[in-house]
Amino acid sequence: MNGEELTEQETALYDRQIRVWGADAQRRLSKSHILVYGMKGTVAEFCKNIVLAGVGSVTLVDDRAVNEEALSTNFLVLPDENLYHGKTLAEVCCDSLKEFNPMVHVSVEKGDISTFGVEFFEKFDAVVISCCSLAKKKLINQKCRKLPKHIAYYTVDCRGSCGEIFVDLKNYKYSKKKLEETIECQLEYPSFEDAIAAPWKALPKRVSKLYFAMRVIEQFEDIEGRNAGQTSIADLPGVLKLRKELCETNSVNESQIPDALLERLLTGTSEFPPVCAIIGGILGQEVIKAISGKGDPLKNFFFFDAMDGKGLIEDISKP
């Protein structure tokens with residue numbers, strides 16, 4: 001392979017996709033390298049989608065052992081102890097993903113991703129972060145932004161029947177078709193840290209209540225020194241107290257963050273597989289858009305709540 005054109009094998013395998021988004025988009029996908037941290041159910045769905053789409057490589061990072069939640073929500077983990085005993089979650093998922101598409105190189109990187117140097121991220125085109133602390137999300141985003149290379153950065157979080165995706169494409173240029181002509185477009189994205197620092201008072205009144213609820217629980221976990229999802233209904237009094245403080249600081253009515261919503265997010269800390277499929281599908285679609293440079297990418301938050309079946313895109317930026 002000369003590094004520029006698709007091989008006959010790739011052209012045959014991805015024929016239907018090439019008919020949809022063109023050979024140039026497929027070529028970009030086939031040369032792309034994706035880094036994924038945190039192998040939860042939602043991320044497993046995402047990985048399956050991009051591996052089937054034909055990215056060049058996927059590198060998985062998750063040194064945790066297989067636990068009960070992984071067995072119930074991550075379909076890449078087969079319920080046979082002989083297949084996962086003594087392996088990390090990333091290694092188990094790597095073995096399964098290789099079977100989906102042998103033309104995609106799937107590998108594992110071990111270690112604490114927050115200790116990886118800036119240069120480590122330079123070889124990737126997209127970085128997807130899941131199930132980690134607020135501080136770690138900010139840190140990895142900062143490292144990606146320090147590089148001159150354009151790296152698409154995503155965080156994804158699924159709690160019970162609710163899910164959230166954050167997107168940072170920095171200064172992103174892309175093309176889209178309007179009638180018979182191709183239009184060149186450009187979007188400016190804030191970092192994760194800048195986006196969540198936007199004053200609540202300045203946001204539109206109809207912003208998703210999930211946005212506020214996720215920020216409250218995220219900050220509660222940060223204050224308590226916990227990772228994402230390490231909360232329970234027993235934490236409700238502390239979360240309600242923090243909600244009151246944040247609403248007072250931001251001059252926002254507490255009704256913007258209903259008790260019932262917080263209770264649901266604290267009760268259903270485990271992922272709900274159907275929601276994993278939806279969020280993982282949307283995330284895969286967005287990464288494919290960012291790499292191919294075709295189609296309108298979402299800016300910059302996506303929320304889904306299975307209670308009403310609605311998916312909402314919110315543009316949250318500092319004024």
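Because the structure is predicted, anything quoted here is derived from the model rather than measured.
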Asks: Consider only side-chain heavy atoms of I, L, V, M, F, W and Y, link residues closer than 4.5 Å, and tell whether Met307 and Ile282 are in one cluster.
Replies: no
Asks: Under a 4.5 Å cut-off applied to non-hydrogen side-chain atoms, are Thr42 and Ser130 in contact?
Replies: no
Asks: In terms of side-chain geometry, is the basic nitrogen of Asp125 or Arg28 positioned less than 4.0 Å from the acidic oxygen of its partner?
Replies: no
Asks: Start with the C-alpha gap between Met39 and Leu60, add the side-chain angles, then the distance that decides, and say whether side-chain contact (heavy atoms from CB on, under 4.5 Å) holds.
Replies: CA-CA 8 Å; Met39 294 307 302; Leu60 310 178; 3.9 Å; yes
Asks: Backbone N or O of Thr7 within a donor-acceptor pair of the Glu10 side chain at under 3.5 Å?
Replies: yes
Asks: Drop me the distance from Leu187's CG to Tyr189's OH, to the nearest 0.5 angstrom.
Replies: 5.0 Å
Asks: According to a hydrophobic-cluster definition based on side-chain heavy atoms being under 4.5 Å apart (Ile, Leu, Val, Met, Phe, Trp, Tyr only), do Val118 and Phe116 belong together?
Replies: yes
Asks: Okay, side chain of Ser292, backbone of Ala25: is any donor-acceptor separation there less than 3.5 Å?
Replies: no
Asks: Just so I know, are the side chains of Val275 and Glu271 near enough to count as touching, which here means a heavy-atom distance under 4.5 Å?
Replies: no
Asks: Looking at every heavy atom in both Gln17 and Ala53, which two are closest together, and how far apart are they?
Replies: NE2-O, 2.8 Å
Asks: For the CG atom of Asp157 and the CD1 atom of Ile217, what is their distance to the nearest 0.5 Å?
Replies: 9.0 Å
Asks: Under 4.5 Å between any side-chain heavy atoms of Phe302 and Leu312, yes or no?
Replies: no
Asks: Of the non-hydrogen atoms in Ser57 and Val104, which two are nearest, and what is the gap between them?
Replies: CA-CG1, 4.2 Å
Asks: Starting from Ile233, can I reach Leu261 by hopping between I/L/V/M/F/W/Y residues whose side chains sit under 4.5 Å apart?
Replies: yes
Asks: To the nearest 0.5 Å, tell me how far Glu314 CD sits from Glu164 CD.
Replies: 11.0 Å
Asks: Please list, chain by chain and in numerical order, all residues satisfying side-chain contact (heavy atoms from CB on, under 4.5 Å) with Cys247, sequence neighbours excluded.
Replies: Trp200, Arg243, Glu254, Ile257
Asks: Evaluate side-chain contact (heavy atoms from CB on, under 4.5 Å) for Ser30 paired with Leu6, printing each intermediate quantity in order.
Replies: CA-CA 8 Å; Ser30 298; Leu6 295 170; 3.6 Å; yes
Asks: Consider salt bridge (charged side-chain N to carboxylate O under 4.0 Å, His left out). Of Arg215, Arg159, Lys137, which one does Glu221 pass it with?
Replies: Arg159
Asks: Could you tell me whether the side chain of Thr231 reaches within less than 4.5 Å of the side chain of Arg226, counting heavy atoms only?
Replies: yes
Asks: Suppose we screen for ring pair (Phe, Tyr, Trp, His ring centres under 6.0 Å). Which residues come up paired with His105, at least two apart in sequence or across chains?
Replies: none
Asks: Only one of Thr155, Asn141, Asn300 clears side-chain hydrogen bond (donor to acceptor under 3.5 Å, both in side chains) with Asp168; which?
Replies: Asn141
Asks: Do Leu266 and Ser232 have side-chain heavy atoms sitting under 4.5 Å apart?
Replies: no
Asks: So for atom CE, which belongs to Met103, do other residues, nucleotides or ligands contribute more than 12 heavy atoms lying within a distance under 6.0 Å?
Replies: yes
Asks: Heavy atoms only: give me the nearest Ser251-Lys201 pair and the separation to one decimal.
Replies: O-CD, 3.4 Å
Asks: Would Leu262 and Phe220 count as a side-chain contact (heavy atoms from CB on, under 4.5 Å) here? Give the steps.
Replies: CA-CA 12 Å; Leu262 290 172; Phe220 177 81; over 6 Å; no
Asks: So for atom NZ, which belongs to Lys123, do other residues, nucleotides or ligands contribute more than 12 heavy atoms lying within a distance under 6.0 Å?
Replies: yes
Asks: Taking only residues two or more places apart in sequence, or in another chain, which ones meet Glu180 in a salt bridge (Lys or Arg N to Asp or Glu O under 4.0 Å)?
Replies: none
Asks: Check for a donor-acceptor pair, side chain of Gln230 on one end and backbone N or O of Asn227 on the other, with a separation under 3.5 Å.
Replies: yes
Asks: Please enumerate all residues that pass side-chain contact (heavy atoms from CB on, under 4.5 Å) together with Glu81, with sequence neighbours excluded.
Replies: Tyr84, His85
Asks: Taking side chain as C-beta onward, heavy atoms only, is Phe121 less than 4.5 Å from Val127?
Replies: yes
Asks: Is the backbone N or O of Leu246 less than 3.5 Å from a side-chain atom of Asn250, with the two atoms forming a donor-acceptor pair by type?
Replies: yes
Asks: Counting distance only, does the side-chain N/O of Asn67 pair as donor-acceptor with the main-chain N or O of Ala70 below 3.5 Å?
Replies: yes
Asks: Start with the C-alpha gap between Tyr14 and Asn101, add the side-chain angles, then the distance that decides, and say whether side chain to side chain donor-acceptor pair (under 3.5 Å) holds.
Replies: CA-CA 11 Å; Tyr14 305 127; Asn101 188 348; 2.9 Å; yes
Asks: Taking the side chain as C-beta and beyond, is there a heavy-atom pair between Leu78 and Val92 under 4.5 Å?
Replies: no
Asks: Could you give the distance from CG (Leu97) to OG (Ser107), rounded to the nearest 0.5 Å?
Replies: 11.0 Å
Asks: Using the ring of each side chain (for Trp, its six-membered ring), is Phe100 parallel, tilted or perpendicular to Phe75, with breaks at 30° and 60°?
Replies: perpendicular
Asks: With a sphere of 6.0 Å drawn around CD of Gln9, does it hold more than 12 non-hydrogen atoms of other residues, nucleotides or ligands?
Replies: no
Asks: Side chain of Asp63, backbone of Gly111: donor and acceptor closer than 3.5 Å?
Replies: yes
Asks: NZ of Lys149: more than 12 outside heavy atoms within 6.0 angstrom?
Replies: yes
Asks: Are the side chain of Ser72 and the backbone of Glu69 linked by a donor-acceptor contact shorter than 3.5 Å?
Replies: yes
Asks: Indicate whether any N or O donor in one side chain lies under 3.5 Å from an N or O acceptor in the other, for Gln142 and Ser191.
Replies: no
Asks: Identify the two heavy atoms, one from Ser175 and one from Glu184, that lie closest to each other, and give their separation to 0.1 Å.
Replies: CB-OE2, 3.5 Å
Asks: Pairs in or reaching into residues 90-116: which pass salt bridge (charged side-chain N to carboxylate O under 4.0 Å, His left out), with residues at least two apart or in two chains?
Replies: Lys87-Asp95, Glu91-Lys110, Asp112-Lys136
Asks: What are the two closest non-hydrogen atoms of Cys94 and Val106, and how far apart are they?
Replies: SG-O, 3.4 Å
Asks: Within the side chain of Lys294, is there an N or O that forms a donor-acceptor pair under 3.5 Å with the backbone of Trp21?
Replies: yes
Asks: Does Glu8 CD have over 12 foreign heavy atoms under 6.0 Å away?
Replies: no
Asks: Could you check Val167 against Lys299 for side-chain contact (heavy atoms from CB on, under 4.5 Å), going step by step and ending with a plain yes or no?
Replies: CA-CA 7 Å; Val167 182; Lys299 181 175 184 286; over 6 Å; no
Asks: Hydrophobic clustering (ILVMFWY, side-chain heavy atoms < 4.5 Å, transitive) - are Tyr154 and Leu139 grouped together?
Replies: no
Asks: Any idea which heavy atoms bring Lys40 and Cys131 closest together, and the distance?
Replies: CD-CB, 3.2 Å
Asks: For Phe301, which residues count as a ring pair (Phe, Tyr, Trp, His ring centres under 6.0 Å) partner, sequence neighbours excluded?
Replies: Phe166, Tyr211, Phe303
Asks: I'd like to know if the side chain of Lys143 reaches the main chain of Ser114, judged simply by a donor and an acceptor atom lying under 3.5 Å from each other, with no hydrogens or angles considered.
Replies: yes
Asks: Following the transitive rule for hydrophobic clusters with a side-chain heavy-atom cut-off under 4.5 Å over Ile, Leu, Val, Met, Phe, Trp and Tyr, establish whether Met214 and Ile196 coincide in one cluster.
Replies: yes
Asks: Would you check if Phe192 and Leu134 make a side-chain contact, meaning some heavy-atom pair closer than 4.5 Å?
Replies: yes
Asks: Please test Lys310 against Asp305 for salt bridge (Lys or Arg N to Asp or Glu O under 4.0 Å), starting from the C-alpha separation and ending with a verdict.
Replies: CA-CA 6 Å; Lys310 291 181 180 177; Asp305 188 342; over 6 Å; no
